[in-house]
Amino acid sequence: MASLVVRVIGMIYRIPMANILGDGNGIYAVAFDIYDIILIVSSYSLPLALSKIISSQNSRREFRNTGKTFRLSLWFAVASGGIFGTALFACAGLIEEHIYPAYAGLRIPLRVLAPTIFIVALLGVFRGFFQGKNTMVPTAVSQVLEQIVNAVVSVSAAYFFMQWNSDSLVRSAWGAAGGTLGTCLGALTALFLVMFVYYIYRPIQRKLERRDRSRRVYTASHIYRILFLTILPIILSQTVYQISGLIDYYLFSDIMGAKGIDAKTISSLTGVYSSNYRTLTSVPIAISTSIASSMIPSAVAAFTRKDIGQLQYNILSGIKFNMIIAFPCAMGYTVLGQGIVRMLFPSMDYVLGGYLMMSGSAAIIFYAISNVTGSALQSIDKMRIPVINSAISLIVHVILVLLFLKFTGLGIYVLIIGNVTFPIVVGVLNIVSLKRYIPDFRLKPVKTFFVPMSASLWMAIAVMLAYAVASRLFGMFAGAYAANAMSVIISMLLGMFVYFAVFIKLRGMTKHELYDFPMGRRLYLLARKLKLMK
């Protein structure tokens, strides 16, 4: 739920910011992709890795090792975050001049993002500690607070930075820097919150450590070795995924430039792709990522106890819950893509943005599958497998993007093709690997895939009819923008109801499974009132 709230806030604030930045959206997107790569290498994997290690130690009641792992991880975060943050600040000019010359002023937002790497490294240790303790509350609350601060600062700073630098040749870059300032201050606010929560929890941790009677107390070198061996595969798999975006931007700007497309057009196209398509699709993808991350501690505990039945239940539940969210989101974006983009980004090329949404929304489903199956493999100590699978997919991805850019006139749609094929290859390879390493692992295709897909198709029909009727009605007395916005909102509300009703009617979920959902009891009571469940 926190991930959903965070992504909704993120989508909302990106609307005015995208309209403020204009052509600067391309600079903002490239800066963030570079930042994400460095963040993954330096510290992004810490919450996931720590939650896995600490969950395993907790299940064996090794509380002294838990405390020691946490303290040593903090020192690791200080070192890695400090080194990589300093490196980004120092090398920002070189990155702009020699790798992305089409994005003038890129060094400015990169230097604003540099201290964020150090802050997020520390933040990740605290979040991983609490996740390993089987509570997502500190992480969830800090994420929401972080995003609220991020939203307020990003929009206001983007506006004022562009006003203060209105005569600058890199005015758009200053606007992008304002947007990245919100990321820095949001992360800092979240860090203060989780530090305060840990300060309150620390006496309990110390009490657990004093009562710990386990004989195994790991040395610092042993803990660092476990941490490094856990982090490295996660870093590699995430880096492979993230670097695909940077490669796409580089190939697109290089090949399109060679075809005679000017730098401003290239930046504008990548801006629409990143601000419209990637921003909107990132909402359901982020939810799938959070479901996968929250699944890991319980899956690790089941694997440690050798409880294969519980392990399979955790993995299958993660896949099923992801599909319940991914299918309607993908279908909704496909049939309402044009209207949604027009409503959210009126100052941008909403026609192109709408076509991108319609052609590439299926990626949401495949990313959901690849995310949760990758986390499942990490839970059973097959850390290298997702890395290998992601590397194979990256090779396929780069070859496809390169060939389509060179030999077709598809332009920006080539990036959509690459974005869809990448998770397909990863997801297929991950499922094959799970079948190999977990005895009797079987997907339940009817309830996992076909039921949410069927409910989504009925929803799509209802949405299309509602949008067509509402557009005509509102078009009689409202302007084009207002008519479209009201039609989209009404269609989405109807679509949510139709999907819920059809999904429950098709018996896609039992009462027990529905209770596992956020607000599951309320959903069950609603289903009973509508006579959809007994």
Side-chain angles (χ1 to χ4, degrees), residues 33 36-37 40-41 44-45 48-49 52 230-248 251 277-278 281-293 295-296 299 314-316 318-323 325-327 329-330 359-404 414-438 441-443 445 448-449 453:
D33 273 8
D36 283 340
I37 286 286
I40 287 167
V41 174
Y44 183 82
S45 55
L48 194 59
K52 184 178 186 298
T230 308
I231 283 174
L232 185 60
I234 300 172
I235 288 174
L236 292 175
S237 61
Q238 289 291 328
T239 303
V240 168
Y241 159 67
Q242 198 63 41
I243 205 171
S244 66
L246 281 177
I247 292 172
D248 285 352
L251 290 175
Y277 172 75
R278 291 190 67 176
T281 55
S282 70
V283 177
I285 291 172
I287 296 169
S288 75
T289 304
S290 67
I291 291 173
S293 298
M295 177 194 76
I296 284 181
N314 288 336
I315 295 171
L316 291 173
I319 296 173
K320 182 176 179 178
F321 287 175
N322 267 307
M323 294 301 99
I325 296 167
F327 268 107
C329 288
S359 57
S361 296
I364 295 168
I365 299 167
F366 303 119
Y367 272 114
I369 295 171
S370 63
N371 282 340
V372 73
T373 51
S375 294
L377 287 167
Q378 291 164 3
S379 300
I380 61 172
D381 285 340
K382 300 300 178 184
M383 309 291 286
R384 291 181 297 175
I385 302 300
V387 180
I388 296 169
N389 294 344
S390 296
I392 293 170
S393 182
L394 180 63
I395 293 169
V396 175
H397 172 92
V398 171
I399 292 171
L400 284 175
V401 170
L402 185 63
L403 291 176
F404 276 104
V414 174
L415 303 191
I416 296 290
I417 294 170
N419 195 57
V420 173
T421 54
F422 183 87
I424 291 177
V425 178
V426 175
V428 170
L429 293 175
N430 284 351
I431 290 172
V432 171
S433 301
L434 285 172
K435 287 180 175 291
R436 183 185 308 161
Y437 293 112
I438 298 179
F441 177 80
R442 293 177 186 172
L443 291 171
T448 303
F449 299 106
M453 182 176 68

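The model shown is predicted, which means the values in this text are computed figures rather than measured ones. One is the number of the first residue; the rest follow in order along the sequence.
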Problem set entry | Listed partners of L400 passing side-chain contact (heavy atoms from CB on, under 4.5 Å), at least two apart | V396, F404, T421
For this session: Flag the pair I392 / L429 as yes when at least one side-chain heavy-atom distance between them is below 4.5 Å, and no otherwise.
Result: yes
Exercise. If you look at every heavy atom in V401 and G418, which pair is closest and at what distance?
Worked result: CG2-CA, 4.0 Å
Problem set entry | Verdict with reasoning, L251 to V414, per side chain to side chain contact (heavy atoms under 4.5 Å, CB included) | CA-CA 11 Å; L251 290 175; V414 174; over 6 Å; no
For this session: Look at the side chain of N419 and the backbone N and O of L415, then say whether any donor-acceptor pair between them is shorter than 3.5 Å.
Result: no
Problem set entry | Rounded distance (nearest 0.5 Å) linking atom CD1 of I315 with atom CD1 of I380 | 6.0 Å
Problem set entry | Candidate pair M323 and I369, rule side chain to side chain contact (heavy atoms under 4.5 Å, CB included), full reasoning | CA-CA 8 Å; M323 294 301 99; I369 295 171; 3.4 Å; yes
For this session: Kindly give the heavy-atom pair with the smallest separation between L434 and A376, and that separation in Å.
Result: CD2-CB, 3.9 Å
Problem set entry | Set of residues satisfying ring pair (Phe, Tyr, Trp, His ring centres under 6.0 Å) with respect to Y277, sequence neighbours excluded | Y273
For this session: Indicate yes or no for a side-chain donor-acceptor contact from S390 to the backbone of V387 under 3.5 Å, with no hydrogens or angles considered.
Result: no
Exercise. Sequence neighbours excluded, which residues qualify as side-chain hydrogen bond (donor to acceptor under 3.5 Å, both in side chains) partners of T373?
Worked result: N430
For this session: Identify the heavy atoms of V372 and G318 that sit nearest to each other, and give their distance.
Result: CG2-C, 3.7 Å
Exercise. Under 3.5 Å, is there a donor-acceptor pair between the side chain of S393 and the main chain of F422?
Worked result: yes
For this session: Enter the distance from L402:CG to D248:CG here, rounded to the nearest 0.5 Å.
Result: 11.0 Å
Seminar exercise, completed: What one should report as the nearest heavy-atom pair of A363 and P423 is O-CG, 4.3 Å
For this session: Work out which heavy atom in L377 is nearest to a heavy atom in P386; give both atom names and the distance.
Result: CB-CG, 3.9 Å
For this session: Carefully, step by step, assess I385 and Y437 under the rule side chain to side chain contact (heavy atoms under 4.5 Å, CB included).
Result: CA-CA 11 Å; I385 302 300; Y437 293 112; 3.8 Å; yes
Problem set entry | Worked check of side chain to side chain contact (heavy atoms under 4.5 Å, CB included) between H397 and V425 | CA-CA 9 Å; H397 172 92; V425 178; over 6 Å; no
Problem set entry | Atom pair CG (N322) and CD1 (I364), whose distance is rounded to the nearest 0.5 Å | 12.0 Å
Exercise. Could you give the distance from CZ (F321) to OG1 (T448), rounded to the nearest 0.5 Å?
Worked result: 10.5 Å
Exercise. Minimum heavy-atom separation for R442 to K435, with atom names?
Worked result: CA-NZ, 4.3 Å
